[in-house]
J.: 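Sharing a structure here in structure tokens format.
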Amino acid sequence: MRNAQLSTIFDQMADVMEILGEDRFRINSYRKVARTVAELPTDVGVLLENGRLAETPGIGKSSLAKIEEFVESGTMAAHTELLKRVPASLPELLRIPGMGPKGVKVIYENLGVQSIADLKRALADGSVAKLPGFGQKKAATIQRGIEFLEASTGRIRLDQALEAAALVVARLREVPGVEKVEIAGSVRRRAETIGDVDILVTTGKHTEESNQQHKRIIQAFTVAPFVDRVLAAGETKGSAIVRTDAVAVQVDVRVVPAESFGAALQYFTGSKQHNVRLREMALKAKMKLNEYGLFKGDALVAGATEESIYKKLGLDYVPALLREDRGEVEAAGKHALPQLVRLEDIKGDFHVHTLASDGRASLEEMVNAAQALGYKFLCITDHSESSVVANGQTPKRLAQQIEQIHALNARTKGFTVLAGAEVDILADGSLDFEDELLADLDLVIASIHSGLTSPRGKVTYRTLKAMDSPYVTILGHPTGRMLGQREAMDLDIPAMIEHAAQTGTALELNGNPYRLDLKDVHCRMAIEKGIKLTLGTDAHSTAGLGLMHFGVATAARGWATKQNVANALPLTKLKSWLKTKRPK
DNA sequence: GCCGTTTTCGGCCCGACTGTTTTCAGTCG
């Protein structure tokens, strides 16, 4: 899709305009266009043709013309012209924490610094510290910023962020005077990757001693053994790099009095874009929203709970999972928010491995663990023969496993084990087992495990062809991505979703936090086409079954209700649903 | 540049922290 390219172009223009010191509101609208285009579910070319792009909020006449120009010619004059005005490598300096557009402008104009390499030299010879508005400390901050940037692996996975958050939460709960400790930010929204971790602490009602008390709480955080480096430590806010066994991540701790808890939680949860929307609404209603509350003049109108703030703004309560400015504010105003799927709605797991392939627990152990979670069913989906490294089963071994499952079902009450397989989609789009064997299974997940870097046409062809099989119930981890490790396949997502709808194939939402595949926005596209999602943990151990909450959160971020999720079906309905695609 | 149940012009989210300042600008979230 050209959407990603266009998004980058608008962001690049905004970067350059910032360095040039142009109008910040204009820059903001470029940023908004960049973000809007990136999140469009359909290629801009298509939306241009059917006129929908012009209706998209945030995209006005000027941006529309620029996009049109790019779609027609592959270039954009405004972009080309802007890039000519500063050295090409200059915008990369904006990525250094502590360096903003003003700083970049000063070091460029005074020292001729054009790149991070130039900047390192200027820092080393002391010329940065001598610049107007700079100094020894500022130079040191920039130095550390460069080191951080070069050592950083970028965003971390949600499970890693939750682990870091748990460390800090446990520490803060022990500090005297602390009443509540809540995880906020993108971790609370269960975003698929996390930039930094936000934690909110409340004390009792505001008193004379509050400031001292707040300071002590921040200090307790910054001197904790897991803190690598302190970035800031004031009276209400502390920021530090926290190191766990797996990762280092920035954690921000904010302390507020109890009467502002809701406002602070709302503010600190974000997303930024969602908050901007609410603040705009507050302004229109002659009010003001900040992290201390919703105010009319100086009077506090709401603040103790998040619910009260949304209510006073004329909105239904928006679950944190939806706060991305993807239409949830409008829906909340029209009482049209979905009843999101919850972990309690989940009656079983669709994607599980055992010792028969590369799992570490037996069939019986996995079933026992699923029963302990209160599930009603479990689908056993071991690998197929071609997945040699994963100890994929031969047809003979699979046939034996099916027998084993039937026998287990015969002696189990109130719980059903479904016989399935995760069958490889081969290079030509055919399946790794014959139809006769597939017909003996209750369900089939078809997955691509090889050739993930093939061109778009090839991976899309294989994916669509596999869905043509009447025995393929579910397309497994459709894009094949591994967060932080491996890019998604270059799959034509709209075509894949369209074909899933046509063939009646379900799409997996693989809940393993390495995958979260399909991702939230694609889940939403699928749901809008009436496609059922199946949540699977891809568990390779009994503990792995506990990852279901990641899948549920991601589905909810895709606006899924329990009707959209096959895991929530009662068993009888599930069984008949599994047969819908099969030959009659 | 975008937008409009007060506006087609005149707005555009808000506050904390830091460092370099003699009262505030820059950066961040």
Side-chain angles (χ1 to χ4, degrees), chain A residues 10 13-14 17-19 21-36 54-67 78 93-107 128-142 144-145 148 184-186 194-200 211 214-215 218 222 230-240 250-256 260 263-264 266-295 313-314 325 333:
Chain A
F10 275 94
M13 290 197 286
M17 287 160 67
E18 278 199 317
I19 295 170
E22 295 195 3
D23 180 58
R24 65 194 172 99
F25 298 109
R26 197 166 157 217
I27 293 167
N28 251 342
S29 36
Y30 276 57
R31 296 261 183 234
K32 186 164 186 183
V33 172
R35 182 175 162 269
T36 304
E55 297 164 13
T56 310
I59 298 181
K61 270 200 179 126
S62 170
S63 299
L64 194 69
K66 289 187 175 76
I67 294 170
L93 297 175
L94 292 171
R95 286 169 38 229
I96 302 167
M99 282 291 290
K102 297 290 192 301
V104 171
K105 190 171 191 220
V106 170
I107 59 164
V128 171
K130 294 195 191 91
L131 287 173
F134 285 64
Q136 292 296 338
K137 286 192 167 176
K138 185 91 182 146
T141 302
I142 295 168
R144 284 198 305 271
F148 177 81
S186 53
I194 306 296
D196 54 32
V197 173
D198 301 301
I199 304 216
L200 180 67
N211 290 347
H214 290 183
K215 217 166 183 169
I218 296 297
T222 54
V230 179
L231 302 172
E235 286 187 2
T236 66
K237 188 175 156 186
S239 188
Q250 180 173 332
V251 178
D252 296 335
V253 173
R254 186 80 184 254
V255 188
V256 298
S260 299
Q266 197 288 314
Y267 159 79
F268 225 20
T269 296
S271 67
K272 193 177 170 183
Q273 284 79 15
H274 176 87
N275 287 355
V276 167
R277 293 295 310 280
L278 294 197
R279 286 170 188 206
E280 286 169 355
M281 290 192 71
L283 270 186
K284 275 181 193 154
K286 301 266 187 244
M287 294 189 284
K288 184 177 76 166
L289 178 63
N290 59 28
E291 58 263 58
Y292 299 108
L294 182 63
F295 297 90
L313 290 173
D325 190 22

J.: With sequence neighbours excluded, what pairs up with F10(A) under the ring-ring contact (aromatic ring centres under 6.0 Å, His included) test?
T.: Y30(A)

J.: Taking CG from L283(A) and C1' from dG11(B), how many angstroms apart are they, rounded to a whole number?
T.: 10 Å

J.: Rounded to the nearest Å, what distance is computed from the CD1 atom of residue I218(A) to the P atom of nucleotide dA16(B)?
T.: 13 Å

J.: Rounded to whole angstrom, note down the P distance from dA16(B) over to dT23(B).
T.: 22 Å

J.: Between E280(A) and G234(A), name the one whose nearest nucleotide on DNA chain B is closer to the 5' end.
T.: E280(A)

J.: Hey, does R277(A) reach any base, or is it just sugar-phosphate, or nothing, if we go heavy atoms under 4.0 Å?
T.: nothing

J.: Can you list every pair that meets side chain to side chain donor-acceptor pair (under 3.5 Å) and has a residue in residues 275-287 of chain A, with sequence neighbours left out?
T.: Q266(A)-N275(A), R277(A)-D325(A), R277(A)-E330(A)

J.: What's the gap between dT18(B) and dG4(B) when it is taken at their P atoms, as a whole Å value?
T.: 39 Å

J.: Kindly write out the residues that satisfy side-chain hydrogen bond (donor to acceptor under 3.5 Å, both in side chains) with E22(A), not counting sequence neighbours, or none if the list is empty.
T.: R85(A)

J.: Under 4.0 Å between any heavy atoms, over every strand shown, what does K32(A) touch: base, sugar-phosphate, or nothing? Just pick one.
T.: nothing

J.: Does T141(A) place a side-chain N or O at less than 4.0 Å from the phosphate oxygens OP1/OP2 of dT18(B)?
T.: no

J.: Does dT8(B) pair with anything, Watson-Crick or G-U wobble, both distances under 3.5 Å, and if so, with which nucleotide?
T.: none

J.: If you measure only the distance, is there a donor-acceptor pair under 3.5 Å linking the side chains of K137(A) and T141(A)?
T.: no

J.: Indicate, with a heavy-atom threshold strictly under 4.0 Å, whether A233(A) touches base, sugar-phosphate, or nothing.
T.: sugar-phosphate

J.: How does each nucleotide of nucleotides 1-8 of chain B score, in 5' to 3' order, for protein heavy atoms under 4.0 Å: base (B), sugar-phosphate only (S), or none (-)?
T.: BSS--B--

J.: For T56(A), check side-chain hydrogen bond (donor to acceptor under 3.5 Å, both in side chains) against everything at least two apart and list the hits.
T.: none

J.: Nearest 0.5 Å please: distance from the CE atom of M13(A) over to the OG atom of S63(A).
T.: 7.5 Å

J.: From NE2 of H214(A) over to P of dC17(B), roughly how many Å is that when rounded to an integer?
T.: 11 Å

J.: Quick one: R24(A) CZ to dC14(B) C1', roughly how many Å, whole number?
T.: 11 Å

J.: Does the side chain of N275(A) get closer than 4.0 angstrom to OP1 or OP2 of dC13(B) through an N or O atom?
T.: no

J.: For nucleotides dC14(B) and dT20(B), find the distance between their C1' atoms and express it as a whole number of Å.
T.: 23 Å

J.: What interatomic distance, in whole Å, is found between C1' of dT21(B) and the corresponding atom of dC9(B)?
T.: 37 Å

J.: Can you tell me, in whole Å, how much space there is between the C1' of dG15(B) and that of dT22(B)?
T.: 23 Å

J.: Taking the chi torsion of dT7(B), is it syn (within 90° of 0) or anti (everything else)?
T.: syn

J.: Under 4.0 Å, heavy atoms only, any strand: does L278(A) hit a base, just the sugar-phosphate, or nothing?
T.: nothing

J.: Generate the contact string for nucleotides 20-29 of chain B. Rules: B means base contact, S means sugar-phosphate contact only, - means no protein heavy atom under 4.0 Å.
T.: SS----SSSB

J.: Given the P atoms of dT6(B) and dC2(B), what is the spacing between them in whole Å?
T.: 23 Å

J.: Determine the Euclidean distance between corresponding C1' atoms of dT8(B) and dC13(B); express it in Å to zero decimal places.
T.: 23 Å

J.: Just to verify, what does T222(A) make a side-chain hydrogen bond (donor to acceptor under 3.5 Å, both in side chains) with, not counting sequence neighbours?
T.: none

J.: Who pairs with D198(A) by salt bridge (charged side-chain N to carboxylate O under 4.0 Å, His left out), at least two apart in sequence or on another chain?
T.: none

J.: Going by the side chain to side chain donor-acceptor pair (under 3.5 Å) test, which pairs reach into residues 94-107 of chain A, not counting sequence neighbours?
T.: none

J.: Checking Q250(A) against S239(A): is there a side-chain donor and acceptor pair closer than 3.5 Å?
T.: yes

